[in-house]
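What you see below is based on every heavy atom in this structure, not just the backbone, and it leaves out hydrogens, waters and symmetry mates. Source: prediction; values computed, not measured. So that the names make sense, note that chain A is the first sequence line, chain B the second, and so on, each numbered from 1.
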Amino acid sequence: MTSVYETLERPLPAVLSAMEQRGVSIERSMLSRLSGELAQRMGALESEIHELAGEPFNLGSPKQLGDILFGKMQLPGAKKTKTGAWGTAAGVLEDLAAQGHELPARILDWRQLSKLKSTYADALPTYLHKETGRVHTTYQLAATTTGRLSSTEPNLQNIPVRTEEGRKIRAAFVAPQGKKIVSADYSQIELRILAHMADIPQLAQAFEDGMDIHAMTASEMFGVPVEGMDPQTRRRAKAINFGIIYGISAFGLANQLGIGREEAGQYIKTYFERFPGIRDYMEETKEACRRDGYVTTIFGRKCHYPSIKASNPAERAFNERAAINAPIQGSAADVIRRAMIRMDGALEAAGLSARMLLQVHDELIFEVEDGEVEKTLPVITKVMAEAPMPAKALRVPLLVEAKAEASWEEAH
DNA sequence: TCGGCAAGCCAC
DNA sequence: AAACGTGGCTTGCCGA
């Protein structure tokens, strides 16, 4: 079998251009039906909300809502945005809803439906191309500080997936007759890259053994067995793992988990006691950035953060967190780029007609003929898993999960 | 009428 | 809200 190292590498701009031109198929009728349902439910909610508020107002106006909740109704927990208006972001409304207040709960419902309708159900069909009948995004190659791609007009890198209603949008991304949508994604790639860069043997071993990394983290931190673990305990460890990647603070973790800042600080302390190599890595990364003005990915690409030396403490702290995150996020971006420039050549070399259509940071989406699915999946997963090589051999295996289904929602 | 900012929220 | 990183899109609002 031909090694992936010998497959043709196409320049990334050519790869992106090909993906843009291929486009993706969406089922207009599904979105239009969904839009109607959303409109109806939003209408019912609007009446209910105006009843609860005691007056009609523009539901799309955070300012009007803030005046009603905190000016008129005097609900607790009011916080101002930086311009002095009452804040009404989801976190604020969730706190109020948890205290049994009906109005903020219904507003949250309305906002979710409104977002899905305006940004996705109504907007996506307007991007259907006259001649191809498909949706063609544009990828920006140099729009991010870390080396990620971005996607515009429309952005196909933020299609909903977290809620049941949102997945109805994703379900409209379908394969044409005789084909399947294949989604292939890197499992926990940023944590694996952190384990490699910081050289943490426990984490590397856990990935080698295919363990549940969040449960393992919880077990290490709280001294409880993975078997029969309280879901809450795992959830906290998961929040910490994500926080670590983003340059955690006790304040941020406390807000994320709804716990006190002292307790959050204790979690972080315990984490660094269990994984001192992570703390060392972070300190070394910040130090290098202060010295050089940039940090580097595993493959040597630089990400510049000269303002890490700013005298303003908030600006400095912001750049420190970005500098900690950039090598992790940027290395993951490098890995998937390396896979992308080899993918078409590898598929061609294997005599397969699969077409790479979309990239969503740690995921590649393809269209594959029904009869070729079985032969295509291993080619895709191999190219992705071996993408760091031969330039780098990671201390941690990369796991790629791939699935073929009729729609993106099912395949994901 | 148009451009830009603020707030909010979708994804990884 | 955001002292948890990276983006883009929509609506409301205000001034030119």
Side-chain angles (χ1 to χ4, degrees), chain A residues 57-66 70 77-96 107-108 110-120 122-124 126-127 137-140 143-163 165-167 169-170 185-186 188-190 194 239-258 261 264-265 268 295 303 305 313-330 332-333 336 358-363 412:
Chain A
F57 67 101
N58 186 343
L59 293 194
S61 170
K63 186 181 181 308
Q64 290 180 35
L65 176 65
F70 303 114
K79 298 213 174 64
K80 296 284 185 73
T81 65
K82 59 184 166 192
T83 60
W86 301 117
T88 69
V92 175
L93 302 187
E94 279 162 13
D95 289 350
L96 292 170
I107 292 283
L108 284 167
W110 184 90
R111 280 195 182 157
Q112 192 207 8
L113 304 186
S114 171
K115 179 77 177 180
L116 293 176
K117 182 173 187 296
S118 65
T119 306
Y120 302 103
D122 292 343
L124 286 173
T126 71
Y127 288 97
T137 186
T138 302
Y139 288 106
Q140 319 298 315
T144 72
T145 54
T146 59
R148 275 189 176 184
L149 302 178
S150 76
S151 157
T152 60
E153 292 186 296
N155 181 359
L156 295 183
Q157 292 182 318
N158 71 343
I159 300 304
V161 70
R162 293 177 192 188
T163 67
E165 288 306 309
R167 285 192 288 276
I169 302 285
R170 198 169 275 235
D185 70 289
Y186 288 105
Q188 309 283 5
I189 187 168
E190 292 191 341
L194 175 62
I240 291 167
N241 276 332
F242 274 98
I244 290 294
I245 288 169
Y246 297 150
I248 203 166
S249 74
F251 187 95
L253 184 64
N255 279 325
Q256 174 71 29
L257 287 176
R261 203 183 308 188
I268 294 170
V295 290
C303 302
Y305 298 95
E315 185 181 5
R316 195 169 60 238
F318 182 81
N319 279 273
E320 286 177 351
R321 292 193 299 276
I324 286 171
N325 174 256
I328 304 170
Q329 191 182 111
I336 196 165
L358 303 174
Q359 188 254 39
V360 191
H361 309 306
D362 65 353
E363 174 187 19
H412 186 267

Exercise. For A:Ile245, which contact category applies under a 4.0 Å heavy-atom criterion: base, sugar-phosphate, or nothing?
Worked result: nothing

For this session: Check whether any side-chain N or O of A:Gln157 sits under 4.0 Å from OP1 or OP2 of C:dC9, and answer yes or no.
Result: no

Exercise. Looking at side-chain heavy atoms only, is the closest gap between A:Leu156 and A:Leu124 below 4.5 Å?
Worked result: yes

Exercise. Hey, does A:Tyr246 have a side-chain heavy atom less than 4.5 Å from the side chain of A:Ile328?
Worked result: no

For this session: May I have the distance from A:Ile324 (atom CD1) to C:dG5 (atom P), rounded to whole angstrom?
Result: 10 Å

Exercise. How would you label the contact of A:Ala332 with the nucleic acid (heavy atoms, under 4.0 Å): base, sugar-phosphate, or nothing?
Worked result: nothing

For this session: Tell me what A:Asp95 touches on the nucleic acid: a base, only sugar-phosphate, or nothing, going by heavy atoms under 4.0 Å.
Result: base

Problem set entry | Rounded distance in Å - OH (A:Tyr127) to C1' (C:dG8) | 10 Å

Exercise. Which is true for A:Ser114 with a 4.0 Å heavy-atom rule: it touches a base, it touches only sugar-phosphate, or it touches nothing?
Worked result: nothing

For this session: Considering just the side-chain nitrogens and oxygens of A:Thr146, establish if one lies under 4.0 Å of OP1 or OP2 belonging to C:dT6.
Result: no

For this session: Test side chain to side chain donor-acceptor pair (under 3.5 Å) on A:Ser150 and A:Thr144 and set out the steps.
Result: CA-CA 7 Å; A:Ser150 76; A:Thr144 72; over 6 Å; no

Exercise. A:Val360 side chain: which of B:dC12, C:dG8, C:dT6 is closest?
Worked result: B:dC12

For this session: Establish, with yes or no, whether the OP1 or OP2 oxygen of C:dG7 is under 4.0 angstrom from a side-chain nitrogen or oxygen of A:Arg148.
Result: no

Problem set entry | Side-chain touch A:Phe242/A:Leu253, heavy atoms, less than 4.5 angstrom | no

Exercise. With a 3.5 Å cut-off and just heavy-atom distances, do the side chain of A:Lys115 and the base of B:dC10 make a donor-acceptor pair?
Worked result: no

Problem set entry | Candidate nucleotides B:dA11, B:dC9, C:dT6, ranked by approach to the side chain of A:Thr144 - the nearest | C:dT6

For this session: Keeping the roles fixed (side chain from A:Thr137, backbone from A:Pro154), state whether a donor-acceptor pair exists under 3.5 Å.
Result: yes

For this session: For the side chain of A:Pro62, starting at C-beta, report the closest nucleotide among C:dT10, B:dA7, C:dG7.
Result: B:dA7

Exercise. Does a nitrogen or oxygen in the side chain of A:Thr119 sit under 4.0 Å from OP1 or OP2 of C:dT10?
Worked result: no

Exercise. With a 4.0 Å cut-off on heavy atoms, is A:Gly243 in touch with a base, just the backbone sugar-phosphate, or nothing at all?
Worked result: base

Exercise. Could you give the CD-to-P distance, from A:Gln359 to B:dC12, as a whole number of Å?
Worked result: 12 Å

Exercise. B:dA11, B:dC10, C:dC9: which one has an atom nearest the side-chain heavy atoms of A:Arg170?
Worked result: B:dA11

For this session: Check every strand shown and say whether A:Lys63 touches a base, only sugar-phosphate, or nothing at a heavy-atom separation below 4.0 Å.
Result: nothing

For this session: Considering only atom C1', compute the distance from C:dA3 to B:dC5 and round it to an integer number of Å.
Result: 24 Å

Problem set entry | A:Arg162 side chain near B:dC10 phosphate (N/O to OP1/OP2, under 4.0 Å) | no

Seminar exercise, completed: Out of B:dA11, C:dT6, C:dG12, minimum distance to the side chain of A:Ser61 belongs to C:dG12

Problem set entry | Base-paired stems that DNA chain B participates in, counting runs of 3 or more Watson-Crick or G-U pairs under 3.5 Å | B:1-12 with C:5-16

Exercise. Where each residue is assigned the nucleotide of DNA chain C containing its nearest heavy atom, which of A:Leu257 and A:Thr145 is assigned the position nearer the 5′ end?
Worked result: A:Leu257

Exercise. Does the side chain of A:Leu65 come within less than 4.5 Å of A:Leu59's, by heavy atoms?
Worked result: no

For this session: From the options C:dC13, C:dG7, C:dA3, select the nucleotide whose nearest atom is closest to the side chain of A:Phe251.
Result: C:dA3

For this session: Find the distance A:Leu116:CG to C:dT10:C1' and express it as a whole number of Å.
Result: 13 Å

Exercise. Taking NZ from A:Lys117 and C1' from B:dC9, how many angstroms apart are they, rounded to a whole number?
Worked result: 17 Å

For this session: Please tell me which of the listed nucleotides, C:dA2, C:dC9, C:dG7, lies nearest to the side chain of A:Thr152?
Result: C:dC9

Exercise. Is A:Asp362 touching bases, backbone alone, or none of the nucleic acid, heavy atoms closer than 4.0 Å?
Worked result: sugar-phosphate

Problem set entry | Atom-to-atom span, CZ of A:Phe70 to P of B:dA7 - whole angstrom | 14 Å

For this session: Please check the phosphate of C:dA3 (OP1 and OP2 only) for any side-chain N or O of A:Asn255 closer than 4.0 Å.
Result: no

For this session: Indicate, with a heavy-atom threshold strictly under 4.0 Å, whether A:Ala333 touches base, sugar-phosphate, or nothing.
Result: nothing

For this session: Describe the nucleic acid contact of A:Gln64 in one word from base, sugar-phosphate, nothing, applying a heavy-atom distance below 4.0 Å.
Result: sugar-phosphate

Problem set entry | Lys/Arg N to Asp/Glu carboxylate O, A:Glu165 vs A:Arg111, below 4.0 Å | no

For this session: Check whether any side-chain N or O of A:Ser118 sits under 3.5 Å from a backbone N or O of A:Ser114 as a donor-acceptor pair, and report yes or no.
Result: yes

Problem set entry | Residue whose nearest DNA chain C nucleotide is more 5′ - A:Gly91 or A:Glu153 | A:Gly91

Seminar exercise, completed: Here the distance between atom P of C:dT10 and atom CG of A:Asn58, to the nearest Å, is 17 Å

Seminar exercise, completed: Between the CD1 atom in A:Ile159 and the CZ atom in A:Arg167, the distance rounded to the nearest 0.5 Å is 14.5 Å

Exercise. When the distance from CD of A:Gln140 to P of C:dG8 is rounded to whole Å, what number comes out?
Worked result: 7 Å

For this session: Applying side chain to side chain donor-acceptor pair (under 3.5 Å), run through A:Gln140 and A:Thr152 and close with a yes or a no.
Result: CA-CA 8 Å; A:Gln140 319 298 315; A:Thr152 60; 2.9 Å; yes

Exercise. Does A:Arg111 make a side-chain N or O approach to OP1 or OP2 of B:dC9 shorter than 4.0 Å?
Worked result: yes

For this session: With heavy atoms under 4.0 Å as the rule, sort A:Ala322 into base, sugar-phosphate or nothing.
Result: sugar-phosphate

For this session: Kindly point out which of B:dA11, B:dC12, B:dC9 is positioned nearest to the side chain of A:His412?
Result: B:dC12

